[in-house]
Amino acid sequence: MRWRTVLLQYCFLLVTCLLTTLEAVPIDIDKTKVKNTHPVDSAKIEPPDTGLYYDEYLKQVIDVLETDNHFREKLQKADIEEIKSGRLSKELDLVSHHVRTKLDELKRQEVGRLRMLIKAKLDSLQDTGIDYHALLKQFDHLNHMNPDKFESTDLDMLIKAATSDLEDYDKTRHEEFKKYEMMKEHERREYLKTLNEEKRKEEESKYEEMKKKHENHPKVNHPGSKDQLKEVWEETDGLDPNDFDPKTFFKLHDVNNDGFLDEQELEALFTKELEKVYDPKNEEDDMVEMEEERLRMREHVMNEVDSNKDRLVTLEEFLKATEKKEFLEPDSWESPLI
């Protein structure tokens with residue numbers, strides 16, 4: 001369902017452990033007959049934790065809303081801007097009483113959970129005279145003015161909070177990586193200060209040698225290029241490179257069979273390229289750095305392919321990108337990390 005896919009795409013972003021496991025759909029039958037492969041049942045795929053402090057509440061609200069046929073039908077036809085802007089939140093007034101009752105209960109539970117968090121924090125500070133109503137104002141994913149009823153305002157606030165929080169997720173990851181690199185270099189230099197001149201020269205020599213070893217790797221294909229995708233097709237999917245077909249490739253790597261390539265599914269495509277450069281067994285290869293490079297590759301492909309900027313790649317967008325010169329004759333992939 002498109003509305004769920006679009007909303008959840010803003011919710012289920014990168015989780016490091018997921019990135020290395022969401023590889024291509026395994027194929028156990030005749031690999032030249034892809035049409036006979038069984039699509040993955042999206043209902044069986046557990047969404048990863050978004051990292052938001054209201055993650056569970058968000059997923060529970062989505063699950064309840066999906067049970068209302070009217071609401072689901074309206075949102076299936078919605079575009080990304082309608083969902084993100086919250087204009088469709090007014091449709092909540094038309095859902096069944098049973099669904100509204102469940103949503104009310106979810107909100108009461110969430111308010112109760114937030115109050116407990118506030119109390120625990122203030123207790124640790126030995127504060128008294130708690131004004132829960134005032135303190136709840138700091139949470140912008142629900143309407144604290146009415147803690148007992150889930151209204152259209154609540155759905156509007158929940159969608160806007162989730163999209164706003166998670167659209168900044170990539171930026172936050174880049175910033176955290178920069179801090180990580182700075183700290184790593186700082187610790188290296190501090191360690192050198194503790195050594196005598198002879199040992200320090202040995203460490204510096206070893207450091208330069210490791211850098212050279214890291215840079216000595218096979219050619220990395222341009223992310224999203226024909227060469228890069230054909231390599232996945234051949235080495236991961238086990239298919240004949242001469243039979244490469246973009247439409248079939250898209251369907252194979254639409255892991256949850258929802259009609260889109262989302263950010264996790266895209267990032268899984270870069271595993272083969274990253275394995276050329278990074279090996280967890282090698283001292284010179286930093287796995288944190290590898291995930292930063294994976295993120296950069298995905299951002300590059302999204303910028304090139306995702307024409308409507310909804311952070312989802314449709315089959316139409318994917319096929320259109322394969323017609324570009326950049327797909328057939330890409331520039332070499334330049335990155336300061338590799």
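Between Leu106 and Glu56, every side-chain heavy-atom pair lies at or beyond the 4.5 Å cut-off. Side-chain contact between Leu312 and Leu261 is absent, with no heavy atoms from C-beta onward closer than 4.5 Å. You'll find the side chain of Phe177 reaches within 4.5 Å of the side chain of Val288, heavy atoms only. Proximity of Leu158 to Leu142: side-chain heavy atoms (C-beta onward) are nowhere separated by under 4.5 Å. A 4.5 Å side-chain heavy-atom check between Leu295 and Glu267 finds at least one atom pair inside the cut-off. Residues Phe249 and Leu239 are not in side-chain contact: their nearest non-hydrogen atoms beyond the backbone lie 4.5 Å or more apart. Between Thr248 and Trp233, some side-chain heavy-atom pair lies under the 4.5 Å cut-off. Side chains of Glu317 and Asn308 form a contact here, defined as non-hydrogen atoms less than 4.5 Å apart.
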Trace of the salt bridge (Lys or Arg N to Asp or Glu O under 4.0 Å) decision for Lys212 with Glu209:
CA-CA 5 Å; Lys212 289 179 180 178; Glu209 182 181 344; over 6 Å; no
Should His253 and Asp237 be marked as a side chain to side chain contact (heavy atoms under 4.5 Å, CB included) after you check the CA-CA gap, both sets of side-chain angles, and the distance that decides it?
CA-CA 10 Å; His253 294 277; Asp237 301 334; 2.8 Å; yes
Could you go through the salt bridge (Lys or Arg N to Asp or Glu O under 4.0 Å) check for Lys272 and Glu231 one step at a time?
CA-CA 8 Å; Lys272 295 302 295 184; Glu231 192 169 270; over 6 Å; no
Going through the checks in order, is the side chain to side chain contact (heavy atoms under 4.5 Å, CB included) test met by Lys149 and Leu103?
CA-CA 8 Å; Lys149 294 290 184 181; Leu103 292 171; over 6 Å; no
Given salt bridge (Lys or Arg N to Asp or Glu O under 4.0 Å), test Arg188 with Glu185 step by step and report yes or no.
CA-CA 5 Å; Arg188 187 185 75 84; Glu185 179 62 16; 3.0 Å; yes
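Shown here for Met302 and Asp262, the closest heavy-atom pair between the two residues is CE-C, 4.5 Å. Heavy-atom minimum distance, Asn221 versus Glu273: N-OE1, 2.8 Å. When all heavy atoms of Leu229 and Phe327 are compared, the closest pair comes out as CD1-CE1, 3.8 Å. Lys309 and Asn303 get closest at one heavy-atom pair: NZ-O, 3.2 Å. In terms of heavy-atom proximity, Asp285 sits nearest to Asp279 at OD2-N, 3.0 Å. Residue Leu269 comes nearest to Gln228 through the heavy atom pair O-NE2, 2.9 Å, listed as atom of the first residue, atom of the second, then distance.
By the side-chain contact (heavy atoms from CB on, under 4.5 Å) test, Pro246 pairs with Phe244, Phe318, Leu319, Thr322, sequence neighbours left out. Checked against ring pair (Phe, Tyr, Trp, His ring centres under 6.0 Å), His141 has the following partners two or more places apart in sequence or in another chain: Tyr53, Tyr54, Tyr57. Taking the side-chain hydrogen bond (donor to acceptor under 3.5 Å, both in side chains) definition, one finds that Glu176 meets it with nothing, sequence neighbours left out. Partners of Lys211 by side-chain hydrogen bond (donor to acceptor under 3.5 Å, both in side chains), not counting sequence neighbours: none found. Qualifying side-chain contact (heavy atoms from CB on, under 4.5 Å) partners for Glu197, counting only residues two or more places apart in sequence or in other chains: Arg200, Lys201. Residues satisfying the ring pair (Phe, Tyr, Trp, His ring centres under 6.0 Å) criterion with Tyr278, sequence neighbours excluded, are His214. By the side-chain contact (heavy atoms from CB on, under 4.5 Å) test, Glu283 pairs with Lys206, Met210, sequence neighbours left out. With sequence neighbours excluded, the residues forming a side-chain hydrogen bond (donor to acceptor under 3.5 Å, both in side chains) with Ser335 are Glu293, listed by chain and number. The side-chain contact (heavy atoms from CB on, under 4.5 Å) search around Asn69 returns Arg72, not counting sequence neighbours. Listed by chain and number, the residues in a ring pair (Phe, Tyr, Trp, His ring centres under 6.0 Å) with His300 are His222, Trp333 (sequence neighbours excluded). The salt bridge (charged side-chain N to carboxylate O under 4.0 Å, His left out) search around Glu292 returns Arg296, not counting sequence neighbours.
Separating the OG1 atom in Thr153 from the CG atom in Asn146 is a distance of 9.0 Å, to the nearest 0.5 Å. Taking NZ of Lys171 as the reference point, atom CD of Glu299 lies at 12.5 Å (rounded to 0.5 Å). Once rounded to the nearest 0.5 Å, the distance linking CG of Asp240 with NZ of Lys230 reads 9.0 Å. Taking CG of Asn256 as the start and CD of Gln264 as the end, the distance is 9.5 Å to the nearest 0.5 Å. Note that CG of Leu274 is 7.5 Å distant from CD of Glu291, once rounded to the nearest 0.5 Å. The CG atom of Asp104 sits 8.5 Å away from the CD atom of Glu151 when rounded to the nearest 0.5 Å.
The residues Lys102 and Glu105 are annotated as not salt-bridged, no charged nitrogen and carboxylate oxygen being separated by less than 4.0 angstrom. A salt bridge links Asp154 with Lys107: the closest approach of a Lys/Arg side-chain nitrogen to an acidic carboxylate oxygen falls below 4.0 angstrom. Taking 4.0 Å as the cut-off between side-chain N and carboxylate O, Glu175 and Lys178 do not count as a salt-bridged pair. For the pair Lys320 and Glu323, the salt-bridge criterion is not met [side-chain N within less than 4.0 Å of a carboxylate O]. Under 4.0 Å is where a charged nitrogen must lie from a carboxylate oxygen, and between Arg298 and Asp170 at least one such pair does. Note on Lys184 versus Asp286: salt bridge recorded, some NZ/NE/NH1/NH2 to OD/OE distance being below 4.0 Å. Using a cut-off of 4.0 Å between Lys/Arg side-chain N and Asp/Glu carboxylate O, Asp63 and Lys59 are scored as not salt-bridged.
For Arg100 and Phe150, the positive end is not near the middle of the six-membered ring at less than 6.0 Å and at most 45° from its axis.
Val99 and Leu155 fall within a single hydrophobic cluster, where Ile, Leu, Val, Met, Phe, Trp and Tyr are joined by side-chain heavy atoms under 4.5 Å apart, directly or via other members. No continuous path of hydrophobic side-chain contacts links Tyr180 to Tyr207 [ILVMFWY only; heavy atoms under 4.5 Å]. Residues Leu114 and Met157 are members of separate hydrophobic clusters, defined by side-chain heavy-atom contacts under 4.5 angstrom among Ile, Leu, Val, Met, Phe, Trp and Tyr.
Ser332 and Glu334 are linked by a side-chain donor-acceptor pair at a separation below 3.5 angstrom, with hydrogens and angles left out of the test.
Within the 3.5 Å criterion, the main-chain N or O of Lys90 finds no donor-acceptor partner in the side chain of Ser152. The backbone N or O of Pro147 lies less than 3.5 Å from no partner atom in the side chain of Asn143, so there is not a single donor-acceptor pair.
Here Leu192 is tied into one hydrophobic group with Tyr191, Leu195, each link being a pair of ILVMFWY side chains closer than 4.5 Å.
Counting heavy-atom neighbours within 6.0 Å of Glu316 CD, excluding the residue itself, gives a total of 12 or less. Heavy-atom contacts from other residues, nucleotides or ligands closer than 6.0 Å to NE2 of His217 number more than 12.
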